[in-house]
Amino acid sequence: MSARSRIYLSPPHLGSEELELVQEAFASNWIAPLGPHVDAFEREFAARTRAGAALALSSGTAALHLALNRLGVVEADEVFCSTFTFVASANPIVYQGAAPVFIDSDLRTWNMDPALLAAELDRAARARRLPRAVVVVHLYGQSADLDPILAACERYGVPVIEDAAEALGATYKGASPGTRGAFGAFSFNGNKIITTSGGGMLVSNDPAEIEASRFLATQARDPAPHYQHSTLGFNYRMSNVLAAIGRGQLRTLDERVKARRRNFHLYEEALGPVPGLSFMPEAAYGRASRWLSVMLVDPDEFGATAEDVRRHLEAADVEARPVWKPMHLQPLFSDARTVGGAVSEHFFRRGLCLPSGSALSDDDRARVIDTLLATPRRPRRQRVAVPPGFVAPDRASLRAAAGGERPLDFREDTR
Ligand SMILES: Cc1ncc(COP(=O)(O)O)c(C=O)c1O
């Protein structure tokens, strides 16, 4: 019997050019957090995303931190942030000593609900306590609905930081997410659509802001030969070696998006018709990169929970993962204010990320599908009748539609 290899969620996928570029970096002895590959990667990245300017950094988290710093976020400020995201979207708010306020998703895009944000900004304006900034996340390779989000923020002069860590290669009305707000942050972490093993990029349409961020990212060294510092800085630059990898990876981006969209399409084709299984919708305003293929499992319809499915896949050496646990359910943020929450809780209860690597073979994908369908299932329960025109944004409706699932305890930490 031949040993089957493990299928990973989203492993790095290296092309043919990266090694050549890294060898060039070695040969030229530019093994430093600056150098020609860093400069070229920034130029090429800005050209690809059509951003005004770009700054290569050690991580996406560093990019978000610098953006918040440049926008003057300080203690006693509030910063609004998507609740349905990875913790790195919110942590830098706390690095600046400010308080995150979490905004729920909408059912259509899974991203920040523009109506909920607008209503909360109106309320904050009336209370004379506007947030210093809004961090809007583009989740799992799909852009948030930027136009109404930017319009609501512009009304009150609140700057927007786009967390596009998961959305390189996606589009919003033809443009790259990350390029409309005051700043955009991208990640090249090992699991992302392109990787430098670890790294990030800060973009802005204001080159002066990128230059100011570059200064902060290099320990805020004053222009004097004797190591003088007047401002608190950080050591956040990307190394020339990693930038060489990034340049090679960037050249493959279109192919990577195509491969990930194909994964999604084939999963949806095979599993979408199965009662109780559904997939993250693609919003009409853009094209998702499908960085991860994400599905929802209705336990009553399917006869098993998302966690049952995940464990069954894991037993067969197939790595699937729960969706992000919303920030407002995190013990770390138990004191934070939240606007809404039921929609992201619904996704959290039912969501599952399937293996989504751009090098996934047809055999691998077939193994994922066959194993998933072989998950032991209970007989289907009678569905609760849903009235026509039901939209389900509120907690009670969601619970009724889910057959009366137990309410989520905000302190519950099961995953
Ligand atoms: C939504 C989101 N924001 C921020 C980050 C942080 O990026 P990095 O890991 O490069 O710091 C990630 C990924 O890791 C992410 O998924």
Side-chain angles (χ1 to χ4, degrees), residues 8-12 33 41 45 54-69 79-96 100 102-103 105 109-112 133-144 146 149 160-170 176-178 181 183-203 213 217 234-239 242-243 245-246 249-250 260 280 288-294 321-328 330 332-333 344 347-348 351 353 356:
Y8 289 97
L9 183 79
S10 181
F41 189 31
F45 192 89
L55 175 64
L57 297 166
S58 53
S59 69
T61 310
L64 290 166
H65 189 195
L66 289 176
L68 290 160
N69 186 302
V79 174
F80 292 0
C81 180
S82 308
T83 190
F84 193 32
T85 186
F86 179 55
V87 73
S89 308
N91 278 348
I93 299 169
V94 183
Y95 300 165
Q96 289 297 109
F102 295 114
I103 313 280
S105 302
T109 69
W110 296 26
N111 282 306
M112 185 184 280
V134 170
V135 177
V136 58
V137 180
H138 305 296
L139 204 68
Y140 295 128
Q142 170 148 277
S143 176
L146 280 170
I149 288 173
V160 172
I161 298 169
E162 293 182 60
D163 180 348
E166 302 179 359
L168 179 61
S176 170
F183 289 99
F186 293 85
S187 168
F188 312 119
N189 190 16
N191 63 6
K192 294 298 185 291
I193 195 156
I194 66 165
T195 183
T196 56
S197 75
M201 194 74 80
L202 181 69
V203 303
S213 303
F234 309 93
N235 181 9
Y236 276 171
R237 294 312 310 277
M238 177 182 279
S239 92
L242 300 191
I245 300 176
Q249 287 269 290
L250 190 60
R260 292 201 184 235
M280 182 178 182
S289 71
R290 300 302 191 188
W291 167 57
L292 292 187
S293 289
V294 192
R321 294 237 184 125
V323 296
W324 301 130
K325 180 171 186 170
M327 292 304 105
H328 70 276
Q330 299 288 351
L332 175 63
F333 296 120
S344 53
F347 294 143
F348 175 55
C353 304
S356 304

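Both ligands and their constituent atoms are indexed starting at 1 by order of listing. Since this is a predicted model, take the numbers as computed values, not measurements.
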For a quick test of reading the model, state the closest non-hydrogen atom pair linking V135 to D163 and the distance between them.
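That closest heavy-atom pairing would be CG1-CB, 4.2 Å.
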Where is the tightest heavy-atom contact between G141 and A170, given as atom of each residue plus distance?
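Heavy atoms of G141 and A170 come nearest at O-CB, 3.4 Å.
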For [atom], closest protein heavy-atom neighbour:
atom                    : answer
atom 13 (C) of ligand 1 : K192 NZ, 2.7 Å
atom 3 (N) of ligand 1  : D163 OD2, 2.7 Å
atom 11 (O) of ligand 1 : T61 OG1, 2.5 Å
atom 16 (O) of ligand 1 : E166 OE2, 2.6 Å

Distance under 4.0 Å to a non-hydrogen atom of [X]: what atoms of ligand 1 satisfy this?
X    : result
G199 : 10 (O)
S89  : 1 (C), 3 (N)
A88  : 4 (C), 5 (C), 6 (C)
N189 : 9 (O), 14 (O)

Considering only heavy atoms, which of P92, S82, G60, A165 lies nearest to atom 8 (P) of ligand 1?
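Looking at heavy atoms only, G60 sits closest to atom 8 (P) of ligand 1.
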Can you figure out which of S187, G200, A90, G190 has its heavy atom closest to atom 7 (O) of ligand 1?
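The residue whose heavy atom sits nearest atom 7 (O) of ligand 1 is S187.
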Close side-chain approach of L57 and M201, heavy atoms under 4.5 Å
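No. Closest side-chain heavy atoms not under 4.5 Å.
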With side chain to side chain contact (heavy atoms under 4.5 Å, CB included) as the test, would you mind laying out the steps for Y140 and V323 before giving the verdict?
CA-CA 9 Å; Y140 295 128; V323 296; 3.4 Å; yes
Just verifying a value: how many Å separate F86 CZ and N189 CG, rounded to the nearest 0.5 Å?
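Rounded to the nearest 0.5 Å, the CZ-CG separation comes to 7.5 Å.
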Hey, could you give me the NE2/CG distance between H138 and L168, rounded to the nearest 0.5 Å?
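Rounded to the nearest 0.5 Å, the NE2-CG separation comes out at 11.5 Å.
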Using the benzene-type ring in the case of Trp, are the ring centres of F45 and F186 under 6.0 Å apart?
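For F45 and F186, the ring centres are under 6.0 Å apart.
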Is there a donor-acceptor contact under 3.5 Å linking the side chains of W324 and E166?
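Yes - a donor-acceptor pair under 3.5 Å links their side chains.
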With heavy atoms under 4.0 Å as the rule, classify the contact between T85 and ligand 1 as side chain, backbone, both or neither.
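The side chain, only.
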